[in-house]
Number of protein chains: 2
Amino acid sequence: MARVRLVEVARAAGVHPATASRALNPQARDEVSASTVQRVQRAAEQLGYVPNTLARGLRTSRSFVAALVIPDITNSLFPPIVRGAEQVLAGAGFTLVLTDTNNDVELERGQLASMRAHGVDGFIVATARWEDALVADLAGSGLPTVLVNRRCDSASLPFVGADDQRGVRLCVEHLAGLGHRAIVHLAGPADTSTGRERASAFRAAMRDHGLSTRAAVISCTGYSENAGRLAAERLVKAGKPFTAIVAANDLLALGAMEVLAEHGLSCPADFSITGFNDLAFMRKLTPPLTTVKVPLTDMGAVAARTLLHWILAADGISTTQTLLPVELVVRGTTGPA
Amino acid sequence: MARVRLVEVARAAGVHPATASRALNPQARDEVSASTVQRVQRAAEQLGYVPNTLARGLRTSRSFVAALVIPDITNSLFPPIVRGAEQVLAGAGFTLVLTDTNNDVELERGQLASMRAHGVDGFIVATARWEDALVADLAGSGLPTVLVNRRCDSASLPFVGADDQRGVRLCVEHLAGLGHRAIVHLAGPADTSTGRERASAFRAAMRDHGLSTRAAVISCTGYSENAGRLAAERLVKAGKPFTAIVAANDLLALGAMEVLAEHGLSCPADFSITGFNDLAFMRKLTPPLTTVKVPLTDMGAVAARTLLHWILAADGISTTQTLLPVELVVRGTTGPA
DNA sequence: GTGAAAGCGCTAACAC
DNA sequence: GTGTTAGCGCTTTCAC
């Protein structure tokens with residue numbers, strides 16, 4: 001099953017390889033007579049010609065591959081993003097290489113190097129930390145790079161994310177409207193833009209409602225259920241009364257609810273809680289989680305489109321910051337104070 | 001930020017490119033004097049040399065890329081598989097390209113062609129249908145290919161999956177042990193090996209317990225919650241009494257539970273139900289789902305190892321069929337008849 | 001509109 | 001142990 005090369009197609013069509021190349025390339029097709037195009041295409045079809053992208057890439061220094069860097073594909077936040085990106089990329093004839101950094105900076109460094117070695121045309125990065133040397137490197141290299149979900153302090157790169165500020169504000173407003181005044185925020189890690197921005201939005205929204213934020217923000221070490229458990233333990237230990245929690249994401253909310261339940265606190269009778277992202281199955285929990293719905297698939301798709309634009313347009317770097325609209329989905333975990 | 005080429009490294013180290021190549025290649029490093037290796041490596045480091053995998057691949061006809069073909073990354077069954085595969089592959093210096101077929105055969109055809117054009121060294125396929133021309137093509141092409149999760153009727157390719165037979169048998173035994181006799185199976189689609197094999201295992205297990213399978217198997221059109229809903233509707237309409245359900249996977253179980261709840265049937269009081277796969281969050285439902293735990297990450301990892309073996313060993317095709325052990329996790333959805 | 005020739009960056013076969 | 005040479009499969013000037 002040896003692979004058919006362009007030369008063979010050309011020979012079969014009775015033309016020079018260069019002509020065959022032109023006939024097969026949509027870009028250059030019109031430099032060739034229609035009848036030749038026909039003959040070449042037929043020959044290619046007949047022989048089952050599959051172009052060698054490596055060889056083409058070597059020549060054109062374009063690989064038609066985009067890399068997507070994810071911290072943990074197992075976190076249901078990311079699959080929809082991957083999917084959105086893949087669809088757009090595939091639609092444009094690009095291939096997606098996926099790399100899961102397992103939240104490990106050293107691993108990520110190696111993977112990025114490997115991707116670059118493979119000559120990828122661009123990166124979509126979902127792992128950005130607030131201060132991120134790797135992303136800074138990427139930005140410095142001039143390789144088209146789009147940040148998704150999380151931004152970076154340093155690099156001025158295009159970014160596609162959710163309107164976090166508005167999401168958190170919706171939560172606080174909803175809770176305040178239900179009469180809650182002692183509202184606590186389980187903040188995401190300070191080395192992520194989402195953690196920082198959701199926390200500052202929380203503070204702003206509380207202020208706007210004339211509510212105090214003294215000791216109302218608990219920092220979590222990560223975005224996992226376990227980090228949520230730990231935070232809730234601290235909350236309980238602190239002994240400060242609260243009637244509502246705004247968690248920086250769904251997983252934190254889940255972990256916190258578990259611990260609180262172990263302490264005999266039931267939801268929404270004893271406390272209300274909101275999540276963020278609306279992961280799959282959140283509506284199936286008991287009670288179903290009130291949370292902020294984020295258009296994750298769109299996020300991936302828009303990120304991919306932004307990247308493609310940069311790769312193909314060649315007309316310099318746009319640094320568009322796109323914030324996708326979010327929506328509060330009120331379900332069972334929030335009730336009157 | 002022009003990319004540094006091997007020539008430049010060689011020049012900096014004062015050697016011929018070929019020598020630099022050897023020094024940098026672990027395979028051929030011992031054909032070069034230690035001091036030269038030192039010099040070349042230092043030069044490469046200093047210049048920030050990133051080898052061009054495309055060029056190497058063109059020369060060696062090996063790209064160090066493996067493709068993973070997934071029907072729907074959004075289905076939580078697949079992310080753990082992806083993750084397991086990615087880790088093993090990355091550990092061996094391979095890059096993973098991911099393609100999500102969206103369960104669409106036409107799309108899949110195009111994607112496979114594109115992957116082949118990119119010169120991938122092998123495929124891990126999680127989309128296999130029972131009769132699958134695309135997989136047959138792949139098998140015929142001689143390209144290293146490993147099937148994961150689902151097998152194929154036709155192709156004799158290595159396969160890594162779960163011990164479905166045993167999983168279903170465990171469910172039936174558990175249910176029978178609780179006194180259930182009217183047990184129904186929500187079968188997966190007949191064009192998947194998992195659907196077929198779980199159904200036949202169900203029949204066998206029922207027979208072994210002296211239970212009738214007359215009208216006890218309902219075929220679902222897919223593996224989605226919605227397919228589960230539809231099947232449950234049919235079950236209710238049919239009016240045939242039942243006290244327990246063995247669903248071919250978790251999603252089907254979830255959909256069925258929803259419909260049954262709408263009909264006023266509560267679980268486990270009015271009926272028991274088991275799932276398959278133990279997706280994330282299944283233990284968080286109310287009641288938590290009794291299901292068969294499958295080592296999904298391992299499945300991905302073993303599939304990747306099998307593929308690597310084939311790619312690197314070159315000593316012909318092994319067609320090992322690996323069945324990973326499963327385990328019944330008894331939770332809240334099963335109770336006495 | 002088509003052919004000829006050169007070369008993308010690397011490595012393998014062969015010299016020495 | 002290291003240099004020389006050739007070529008992987010394709011595209012792209014440049015002639016004609």
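When reading the values below, keep in mind they use all heavy atoms of this one structure, side chains included, and skip hydrogens, waters and symmetry mates. Chain identifiers are assigned alphabetically (A, B, ...) following the order of the sequence lines, protein sequences preceding nucleic acid strands; residue numbering begins at 1 within each chain.
- Between the side chains of B:E108 and B:T127, at least one donor-acceptor pair of N or O atoms lies under 3.5 Å.
- For the pair A:T306/A:F159, no side-chain contact is recorded, criterion being any heavy-atom separation below 4.5 Å from C-beta on.
- Put simply, CD on A:E8 is 13 Å from C1' on D:dC10, counting in whole angstrom units.
- Proximity of residues 45-59 of chain A to DNA chain C (heavy atom under 4.0 angstrom from any strand atom) is restricted to A:L58, A:R59.
- One atom, CZ of A:R3, and another, C1' of D:dC8, lie 12 Å apart when rounded to the nearest Å.
- Remark: side-chain polar atoms of A:D72 are not paired, donor with acceptor, to backbone N or O of A:N102 under 3.5 angstrom.
- The side-chain contact (heavy atoms from CB on, under 4.5 Å) with B:I70 is formed by just one residue from the set B:V82, B:L77, B:T101; it is B:V82.
- Here B:R11 does not pair with B:E8 in a salt bridge; the nearest charged N to carboxylate O distance is not below 4.0 Å.
- Residues meeting the ring pair (Phe, Tyr, Trp, His ring centres under 6.0 Å) test with A:F64, sequence neighbours left out: A:F94.
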Is there any protein nitrogen or oxygen under 3.5 Å from a nitrogen or oxygen in nucleotides 1-3 of chain D, and what are the pairs?
residue: D:dT2; atom: OP1; partner: B:S33; partner atom: OG; Å: 3.4
residue: D:dT2; atom: OP1; partner: B:T36; partner atom: OG1; Å: 2.7
residue: D:dT2; atom: OP2; partner: B:S33; partner atom: N; Å: 2.9
residue: D:dT2; atom: OP2; partner: B:S33; partner atom: OG; Å: 3.3
residue: D:dT2; atom: OP2; partner: B:T36; partner atom: OG1; Å: 3.1
residue: D:dG3; atom: OP2; partner: B:H16; partner atom: N; Å: 2.8
residue: D:dG3; atom: OP2; partner: B:T19; partner atom: OG1; Å: 2.6
residue: D:dG3; atom: N7; partner: B:R22; partner atom: NH2; Å: 2.8
residue: D:dG3; atom: O6; partner: B:R22; partner atom: NH1; Å: 3.2
residue: D:dG3; atom: O6; partner: B:R22; partner atom: NH2; Å: 3.3

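- Bracketed by its first and final contacts, the part of DNA chain C lying under 4.0 Å from non-hydrogen atoms of chain A reaches from C:dG1 to C:dG9 in 5' to 3' order.
- Panel note: side chain A:Q111, backbone A:D100; a donor-acceptor pair is recorded below 3.5 Å.
- In this structure, A:R62 places its CZ atom 24 Å from P of D:dG9, rounding to the nearest Å.
- Take A:R22 and apply the salt bridge (charged side-chain N to carboxylate O under 4.0 Å, His left out) test, not counting sequence neighbours, and it matches no residue.
- Residues forming a salt bridge (charged side-chain N to carboxylate O under 4.0 Å, His left out) with A:R150 (at least two apart in sequence, or on another chain): none.
- Proximity of A:P158 to A:H309: side-chain heavy atoms (C-beta onward) are nowhere separated by under 4.5 Å.
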